[in-house]
Amino acid sequence: MSGPAGGTARAATTTDVVCLGESMVTFLPSQPGRLADVPSFGRGIGGAESNVACALAAAGHRAAWVGRVGADGFGDHLVETIGGYGVDTSAVRRDPVRPTGIYFRTATDRGEGAHEVAYYRAGSAASAMSPANVPYEEVFAGRVLHLSGITAALSADCLELVRELTAPRPGRPLVSFDVNHRPHLWRGGDASVLLELARRCDLVFVGEDEAEEAWGIVGAEAIRAALPEPAVVVVKRGSAGATVFASGLRPGPRSSNAGGAENDGAEFAPDTVTHVPALRVDVVAAVGAGDAFAAGFLSATLRGLPVRDRVRHGHLMAAAVLTVPGDLTEPPARDHADRLVALDDEAWGRLRLGPGWTAADRAPEEVRTP
């Protein structure tokens with residue numbers, strides 16, 4: 001296999017999803033309050049792409065994480081913990097000079113004014129990822145390659161890497177892209193590049209709020225109009241649920257390849273638009289839910305389920321994380337999730353999920369509360 005300048009023809013693969021991005025050691029507060037007042041912190045892991053990989057592996061898929069960590073104890077912890085979820089970490093590279101990134105956060109929700117995060121990631125090993133040092137054979141080894149806009153914000157080299165990975169090329173796997181706009185990472189930068197990157201992908205996850213903040217685009221239909229190329233655009237609408245725009249392609253002068261990577265000249269068939277309401281959830285901590293939603297949607301996509309069911313699996317994966325304190329948790333058993341996904345619209349609307357709902361011995365009616 002050649003590097004970024006050449007083709008990426010792939011042999012038969014046994015990997016479902018490859019996720020590339022930065023993972024960091026996160027320090028979680030022992031009690032609510034300002035960072036200045038919290039007396040101690042517990043250690044965990046955090047990283048959008050590794051979160052998706054861990055959730056997919058826990059759900060029974062063959063997932064790999066590609067990243068770069070320091071040759072330090074925090075790097076050891078990340079590789080061992082992520083591998084402990086069943087994720088293949090063999091393509092993770094160790095940087096002998098740069099450290100593994102870490103961050104501290106408060107217990108409040110990210111959307112609240114009192115929420116604080118202190119990042120120590122400038123100059124991290126992950127920020128040194130580039131087209132010159134990433135193992136392309138491993139990156140393109142799966143049925144799906146999952147990326148996020150966070151990686152593009154880490155450094156100029158990381159942005160160039162994401163551009164290379166999203167470039168049209170023969171044999172490219174389906175490329176999934178979570179916009180994941182983080183304003184603090186784009187201070188002094190131009191977040192509009194995330195729109196450019198998203199348009200080069202096959203499946204895009206984007207929140208209505210982040211599309212407005214990053215691009216000044218308001219509303220699901222306007223977001224789809226700004227992203228005409230991806231075959232599937234998932235617009236996350238918070239408590240209102242999610243709306244999916246899914247198109248077919250009518251071959252034009254240059255038709256798309258199997259991964260949907262080359263669409264120049266193709267004519268887009270009218271979208272099928274699917275809206276799925278969100279679940280009512282007794283939230284413990286609103287961290288990691290977006291990553292879990294992406295994992296649930298990708299899991300159902302790999303299984304070839306209808307669009308509505310893909311969104312419902314995304315909502316259920318998100319609900320599993322929302323009802324625990326950290327970024328990761330054991331997802332519901334597949335047969336349990338499938339029973340809930342199969343509920344009619346009225347029964348789905350009555351569901352309310354709280355801590356412990358993922359227990360395998362719970363029947364659908366037992367997770368309903370008034």
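Worth saying up front: this structure is predicted, and the values here are computed from it rather than measured.
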(message) Taking side-chain contact (heavy atoms from CB on, under 4.5 Å) as the criterion, tell me which of D88, V144, V66, L147 meets it with V18.
(response) V66

Determine yes or no for a side-chain-to-main-chain donor-acceptor pair under 3.5 angstrom, with [X] supplying the side chain and [Y] the backbone.
| X | Y | result |
| --- | --- | --- |
| S155 | S127 | yes |
| T274 | R308 | no |
| T323 | P355 | no |
| S299 | G296 | no |

Using only heavy-atom distances, determine whether the side chains of [X] and [Y] contain a donor-acceptor pair under 3.5 Å.
| X | Y | value |
| --- | --- | --- |
| H313 | D338 | yes |
| T243 | R237 | yes |
| H336 | T358 | no |
| T106 | E116 | no |

(message) Is there a continuous path of hydrophobic side-chain contacts, each under 4.5 Å between heavy atoms, that joins L302 to V341?
(response) yes

(message) Once rounded to the nearest 0.5 Å, what's the spacing between atom CG of L56 and atom CZ of R62?
(response)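 Atom-to-atom, L56:CG and R62:CZ are 12.0 Å apart.
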
(message) Just to verify, what does H315 make a ring pair (Phe, Tyr, Trp, His ring centres under 6.0 Å) with, not counting sequence neighbours?
(response)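 Ring pair (Phe, Tyr, Trp, His ring centres under 6.0 Å) list for H315, sorted by chain: F293.
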
(message) Holding to ring pair (Phe, Tyr, Trp, His ring centres under 6.0 Å), I want the full list of residues that pass it with F245, two or more places apart in sequence or in another chain.
(response)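 Ring pair (Phe, Tyr, Trp, His ring centres under 6.0 Å) list for F245, sorted by chain: empty.
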
(request) Apply the test ring-ring contact (aromatic ring centres under 6.0 Å, His included) to residues H184 and Y119: give CA-CA distance (whole Å), side-chain angles for both, the deciding distance (0.1 Å), then the verdict. (result) CA-CA 10 Å; H184 66 276; Y119 288 101; 4.6 Å; yes

